[in-house]
Amino acid sequence: MLKRTKIAQLLASEQPIAEVLVKGWVRTRRDAKDFSFIEVNDGSGLKNIQIIANNTLNNYEEVKKITTGSSLAVKGALVESKGGNQKFEVVASDVEIYSLAPDDFPLQKKKHTDEYLRTIAHLRPRTNKYGAAFRVRSELSYAIHKFFNERGFRYVHTPIITASDCEGAGEMFQVTTLDINNPPRTKDGKVDYSQDFFGKEARLTVSGQLNGEMFACALGDIYTFGPTFRAENSNTTRHAAEFWMIEPEMAFADIHDDMDLAEDMVKFCIRYVMNTCADDLALFDKYVEPGLLDKLNNILNHGFARITYAEAIDIMQKSGHKFEYKPEFGIDMQTEHERFLAEQHFKRPVIVRDYPKEIKAFYMRLNDDGRTVAAMDVLVPGIGELIGGSQREERYDVLVKRIRENGMHEKDYEWYLDSRRYGSVPHAGFGLGFERMMMLVTGIGNIRDVIPFPRTPKSVNF
RNA sequence: UCCGGCUUAGCUCAGCGGUAGAGCAAUCGGCUGUUAACCGAUUGGUCGCCUGUUCGAAUCAGGCAGCCGGAGCCA
């Protein structure tokens, strides 16, 4: 029995092969005088293989009906192509048609807009651009695991359903089995969650960090990589309701170890994808973001700039640049500020650290100055905030004080506080939006186009 | 959520008060070792939805919805 060979493997062949079996989907068919050219793609790579289907095939009349989108199995010889655009092609000895696509197949042999392709997200991976994007997504995921695994980090599966709302940040999706049209009520008329599945209110996670910290304080270095949910009504090219987040956490580490890890990880992942997805990145460089490869090489070849928040404010104040929101110590950084620093001033990734405590989360470690915390954000040209992280507050008393300052209740964080009661250690970590790294690496400008089936406000299709 | 823009054939768009157009796709035919092939013909539309102005609305006004871009929130 002849086994199927993937097209990427055939095109990488050193020499012709007498008999091969190719399976895939038809991108286009062109008739010549006594034969037909069929371009087939099986998703193994960007490039198609050209099939020569001669009129001597016993089902040639059927072959001439093959349309874009049809599926085939082709047996034949891999030979050097007489045409100029490809090294090899397959001269078919047998063409088996699995299924002919009717003439309403939505993908035409032309460029479609991203907006249109989003309406057929179930078919768009069959296009060059989206096939490339999702191959890169797969390789980039693997790069993440490879990076952490090689450094001795353990992969921890933190829960997706949770009762705590982590940093109190962001709207959350509620998880319930109650009948929302007729929920049980307590005597005072409130919904009686004691009768809900978990016996209390439950939600989808916005971050695995607090759970991750517990495991870092046991296994040492850990990371999470999984889906995360935000019910924010955010309508931007950089936000989705469901996205994937990477959250490493290191015991016995400070803010500087954290920044080193972030920079190493970003560079490792970029380098990995440039090695494994060269064809796909070349397509993005040509059609999606001209200059992409130069940009990525620039990131690899330079250290990330590292400054404090106070220095960042100072740079902006002295820049003479006109900002809509005036840079002053104490303000939360606006998109325009982040873009200025990364794109205009440094022209490479910048890590800003030591933010005023008022604008950052309660768990970030208070610096000795008493007014800033050991938080760091990695700002990247074109993307903005790629990573947000911090050294965690390991001192029990300080942490409790910060919880109270933020109007939160320490009784909700008893299990979290245990890690500071029993063998507390300095530790640090960060969160990275996986889709944002996808956007950085591919040059694709909309988060909806780097997730297979995007979930955004008013949109849960497929 | 706020601000702005868009919504006309399968796709991309033009038309901007007088009753619907182009390119591409599709279909049919021709030509051809082609490269999103080429040439010719044909098919194809309650102009997002509702209300109003007008003799007459794709075109003007109001409302609604969806999409896109920017901002906020953040990853």
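Side-chain atoms are counted along with the backbone in the values below, which use heavy atoms only and exclude waters and symmetry mates. Residue numbers start from 1 in every chain, and the chains themselves are labelled A, B, ... in the order their sequence lines are given, proteins ahead of strands. Worth saying up front: this structure is predicted, and the values here are computed from it rather than measured.
- B:rA71 atom C1' lies 13 Å from atom CD of A:Glu338, rounded to whole Å.
- In this structure, A:Ser234 does not reach the B:rC73 phosphate: none of its side-chain N or O atoms is under 4.0 Å from OP1 or OP2.
- B:rU34 is unpaired under the criterion used here, namely a Watson-Crick or G-U wobble arrangement in which both key atom distances are under 3.5 Å.
- A side-chain donor from one of A:Asn367 and A:Asp354 sits under 3.5 Å from a side-chain acceptor of the other.
- Between A:Phe105 atom CZ and B:rU27 atom C1' there is a gap of 18 Å when expressed in whole angstrom units.
- Side chain to side chain, A:Asn54 and A:Thr56 fail the donor-acceptor criterion of an N or O pair below 3.5 Å.
- B:rC50 sits 11 Å from B:rA65 when the C1' atoms are compared, rounded to a whole Å.
- With both ends at atom C1', the span from B:rG44 to B:rC28 equals 15 Å, rounded to whole Å.
- Contacts of A:Tyr116 with the nucleic acid, taken as non-hydrogen atoms under 4.0 Å apart, involve only primed sugar atoms and P, OP1 or OP2.
- Contact between the side-chain N/O atoms of A:Thr236 and the OP1/OP2 oxygens of B:rG72 is not found at any separation under 4.0 Å.
- Here, B:rG52 and B:rG56 have their C1' atoms 15 Å apart, quoted to the whole Å.
- With salt bridges taken as basic N to acidic carboxylate O contacts below 4.0 Å, none links A:Asp254 and A:Arg365.
- Rounded to whole Å, the distance from CZ on A:Phe225 to C1' on B:rA75 is 13 Å.
- The nucleotide whose nearest atom lies closest to any side-chain atom of A:Arg118 is, among B:rA75, B:rG69, B:rC68, B:rC68.
- Both the sub-6.0 Å distance and the 45° axial angle are satisfied by A:Arg371 relative to the ring of A:Phe329.
- Residue A:Val288 comes nearest to A:Thr442 through the heavy atom pair CG1-O, 4.0 Å, listed as atom of the first residue, atom of the second, then distance.
- Atom pair A:Glu232:CD and B:rC2:C1' shows a separation of 15 Å (rounding to whole Å applied).
- Between A:Glu336 and A:Ala240, the residue whose closest nucleotide on RNA chain B is further toward the 5' end is A:Glu336.
- Across every strand in view, B:rU7 sits in a pair with B:rA65 that passes the Watson-Crick or G-U test at under 3.5 angstrom.
- Taking every side-chain heavy atom of A:Glu385 into account, B:rA75 is the closest of B:rA75, B:rA71, B:rU12.
- Within 4.0 Å (heavy atoms only), A:Leu386 reaches sugar-phosphate atoms of the nucleic acid but no base atom.
- Taking atom CD1 of residue A:Ile66 and atom P of nucleotide B:rU27, one finds them 13 Å apart after rounding to whole Å.
- When the C1' atom is used for both B:rC31 and B:rC38, the distance is 8 Å, rounded to whole Å.
- Under the Watson-Crick or G-U wobble criterion, with both distances below 3.5 Å, B:rU19 has no partner in any strand shown.
- Both A:Gly445 and A:Asp332 lie near RNA chain B, and the one whose nearest nucleotide falls closer to the 5' end is A:Gly445.
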Kindly determine whether A:Arg392 and A:Ser390 satisfy side chain to side chain donor-acceptor pair (under 3.5 Å), including the steps that lead there. CA-CA 6 Å; A:Arg392 318 308 188 186; A:Ser390 66; 2.6 Å; yes
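- Straight-line distance from the CZ atom of A:Arg436 to the P atom of B:rC74: 11 Å, rounded to whole Å.
- In terms of phosphate contacts, A:Asn446 brings a side-chain nitrogen or oxygen within less than 4.0 Å of OP1 or OP2 of B:rG69.
- With sequence neighbours excluded, the residues that form a side chain to side chain contact (heavy atoms under 4.5 Å, CB included) with A:Ser459 are A:Thr456, A:Asn461.
- Distance from the side chain of A:Asn235 is smallest for B:rA71 among the nucleotides B:rA75, B:rA71, B:rA26.
- The gap from the P atom of B:rA25 to that of B:rG40 amounts to 13 Å, rounded to the nearest Å.
- Between A:Phe148 and A:Phe153, the ring planes lie tilted relative to each other; the angle falls in the 30° to 60° range.
- Of all nucleotides present, none satisfies the Watson-Crick or G-U wobble test against B:rC73 with each distance under 3.5 Å.
- Between B:rU43 and B:rG5, the two C1' atoms lie 34 Å apart (nearest whole Å).
- Taking the C1' atom of each, B:rA26 and B:rC60 are spaced 37 Å apart, rounded to whole Å.
- Searching all strands for a Watson-Crick or G-U wobble partner of B:rA58 with both distances below 3.5 Å returns nothing.
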Just by protein heavy atoms under 4.0 Å, how would nucleotides 28-43 of chain B read 5' to 3' in B, S and -? ----BBBBBB------
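- Atom-to-atom, CD1 of A:Ile447 to P of B:rG70 comes out at 13 Å; the value is rounded to the nearest Å.
- Side-chain atoms of A:Asn406 and A:Tyr363 include no donor-acceptor pair closer than 3.5 Å.
- Remark: the separation of the C1' atoms in B:rA58 and B:rC3 is 27 Å, to the nearest Å.
- Among the nucleotides B:rG72, B:rC67, B:rA75, the one closest to any side-chain atom of A:Arg230 is B:rA75.
- Using cut-offs of 30° and 60° on the angle between ring planes, the pair A:His145 and A:Phe225 is tilted.
- If you take NE2 of A:His239 and C1' of B:rC73, they are 6 Å apart, rounded to a whole angstrom.
- Base-pair partner of B:rG40: B:rC28 (Watson-Crick or G-U wobble, both distances under 3.5 Å).
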